[in-house]
Structure formats: structure tokens, C-alpha cells
Amino acid sequence: HKYIKYYGSSGINAEYGQCEQGYSTFLIDGFPRTEENWNTWKEIVGEKANVRFMLFYRCEDSVCMTRVLSRQDGRADDTEEIVTKRIQTYHRSTVPVVEEFRRAGLLREVSAGAPVEEVFRETEKVLEI
């Protein structure tokens, strides 16, 4: 398989065109994050793509907060207040999409709270690599 990483929602049409150039499997990273993203995907791509599953890294909010605040190469706005707002946005905007995939039987989860090596091994299993 050839994989394409795709970031964001602003180039779905152009990226999907890669299918005609021999790509049969896409790994779309960080997408969809909102119901609007998912609805746009369905409008543009629709039945042209077989969405096999969403890979979801499950992690407690407190672990995410600790990791973001302690990373060495973090963003300038990696403050507790801003990260709290990002987490709230995630719960409000992304969790409903994750739950839609769960209801459709298209959600594969990996616990991201485990050590990196274990998360990697579990990811390989979920991706069937």
C-alpha cells in the first residue's frame, strides 16, 4: 500500500486526485476534527472512498495537559489556560465525530496513555501492519 498523510480540510479534492495516480490507501492524519470536516469529506469524496476506520488515540485530559506543558519544543501558546481551551474544544467539536465513527463500527482505539513503545505496538496491530 502507498499512504498519503493529509493535514486539515482545505485540500480534500486535490488530495483525493492522488487515487488516480496509483494510491489505493490513504492515512489521513488529524481529520476529521469536526462534524463540518466530516460532512465536507462526505460531500466531496462520498462513495469514491471506502473509509475503513478511524484510528483514535484515547488519552485522559490530565495526561494530555501534562504532556503538552512538559514538551521541550512546545508552542508559544502552550499554557495551561490555552491547553484547557483546546481540550474543551476537542470535547465539544471532535468527540461527537469520534462517537459517530464508533456507532458506525468504524472506530479502532489505542490507549495513548501507555509508554511510547507500547502505543507503537498497539498501533501496528490496529493498522494490521
Side-chain angles (χ1 to χ4, degrees):
H1 294 289
K2 294 181 181 179
Y3 292 93
I4 290 180
K5 284 185 118 177
Y6 175 79
Y7 297 93
S9 61
S10 62
I12 294 172
N13 222 2
E15 296 293 339
Y16 185 73
Q18 294 295 316
C19 279
E20 296 171 15
Q21 298 174 21
Y23 291 93
S24 62
T25 303
F26 291 78
L27 174 61
I28 303 172
D29 185 17
F31 182 84
R33 290 185 188 202
T34 66
E35 290 181 84
E36 181 181 4
N37 287 162
W38 182 229
N39 290 334
T40 300
W41 169 270
K42 290 187 287 190
E43 283 177 29
I44 293 173
V45 179
E47 298 298 316
K48 297 174 198 166
N50 175 22
V51 176
R52 293 176 45 208
F53 60 89
M54 170 188 277
L55 173 59
F56 178 66
Y57 289 99
R58 183 181 62 259
C59 193
E60 297 295 323
D61 293 349
S62 60
V63 173
C64 289
M65 176 71 75
T66 300
R67 287 180 178 173
V68 170
L69 294 179
S70 65
R71 60 186 175 188
Q72 300 299 313
D73 58 347
R75 297 170 18 173
D77 62 346
D78 281 348
T79 65
E80 188 168 345
E81 179 182 350
I82 298 297
V83 174
T84 297
K85 288 180 182 178
R86 287 187 212 146
I87 291 171
Q88 290 169 346
T89 299
Y90 160 78
H91 284 285
R92 184 177 56 255
S93 300
T94 304
V95 168
V97 178
V98 172
E99 292 306 317
E100 183 177 338
F101 275 77
R102 184 187 313 281
R103 284 189 299 276
L106 297 173
L107 188 69
R108 296 187 189 177
E109 294 185 62
V110 172
S111 174
V116 173
E117 297 80 14
E118 186 177 329
V119 172
F120 182 76
R121 281 192 304 275
E122 289 302 311
T123 300
E124 285 182 312
K125 288 179 191 173
V126 166
L127 292 177
E128 300 168 351
I129 297 175

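Bear in mind that the values here come from a model prediction, so they are computed numbers and not experimental data.
- Under the salt bridge (charged side-chain N to carboxylate O under 4.0 Å, His left out) criterion, E81 pairs with K85, sequence neighbours left out.
- Remark: A104 pairs with L106 by the side chain to side chain contact (heavy atoms under 4.5 Å, CB included) rule, at least two apart or across chains.
- Between M54 and P32 there is a side-chain heavy-atom pair separated by less than 4.5 Å.
- Legend: residues meeting side chain to side chain donor-acceptor pair (under 3.5 Å) with D78, ordered by chain and number and at least two apart, are R71, R86.
- Here the options are E60, E118, R58, the test is side-chain contact (heavy atoms from CB on, under 4.5 Å), and the partner is S111; only R58 passes.
- For the atom pair CZ of R108 and CD of E128, the computed distance is 4.5 Å after rounding to the nearest 0.5 Å.
- Nearest heavy-atom pair across E35 and P96 is OE2-CB, 3.8 Å.
- For T89, the side chain to side chain donor-acceptor pair (under 3.5 Å) partners two or more places apart in sequence, or in a different chain, are R92.
- Not counting sequence neighbours, the partners of Y57 by the side chain to side chain donor-acceptor pair (under 3.5 Å) test are T123.
- Taking every heavy atom of both residues into account, S70 and T66 meet most closely at OG-O, 2.8 Å.
- Between E122 and K125 there is a salt bridge, with a side-chain nitrogen of the basic residue lying less than 4.0 Å from a carboxylate oxygen of the acidic one.
- Evaluation of the side chain to side chain donor-acceptor pair (under 3.5 Å) rule for R102 yields E99, E109 as partners, not counting sequence neighbours.
- Side-chain contact between L55 and V126 is present, with at least one heavy-atom pair separated by less than 4.5 Å.
- With values rounded to the nearest 0.5 angstrom, T94 atom OG1 is found 8.5 Å from F56 atom CZ.
- The cluster map of Ile, Leu, Val, Met, Phe, Trp and Tyr, joined by side-chain heavy atoms under 4.5 Å apart, puts V63 and V95 in different clusters.
- Scored by the ring-ring contact (aromatic ring centres under 6.0 Å, His included) test, F101 finds W38 as partners (sequence neighbours excluded).
- More than 12 heavy atoms of other residues, nucleotides or ligands sit less than 6.0 Å from atom CZ of F53.
- Residue I82 belongs to no hydrophobic cluster, having no ILVMFWY side-chain heavy atom closer than 4.5 Å to its own.
- Between V119 and V116, the closest side-chain pair of non-hydrogen atoms is not below 4.5 Å.
- Alongside V83, the hydrophobic cluster contains M65, V68, L69, I87 (criterion: ILVMFWY side chains under 4.5 Å).
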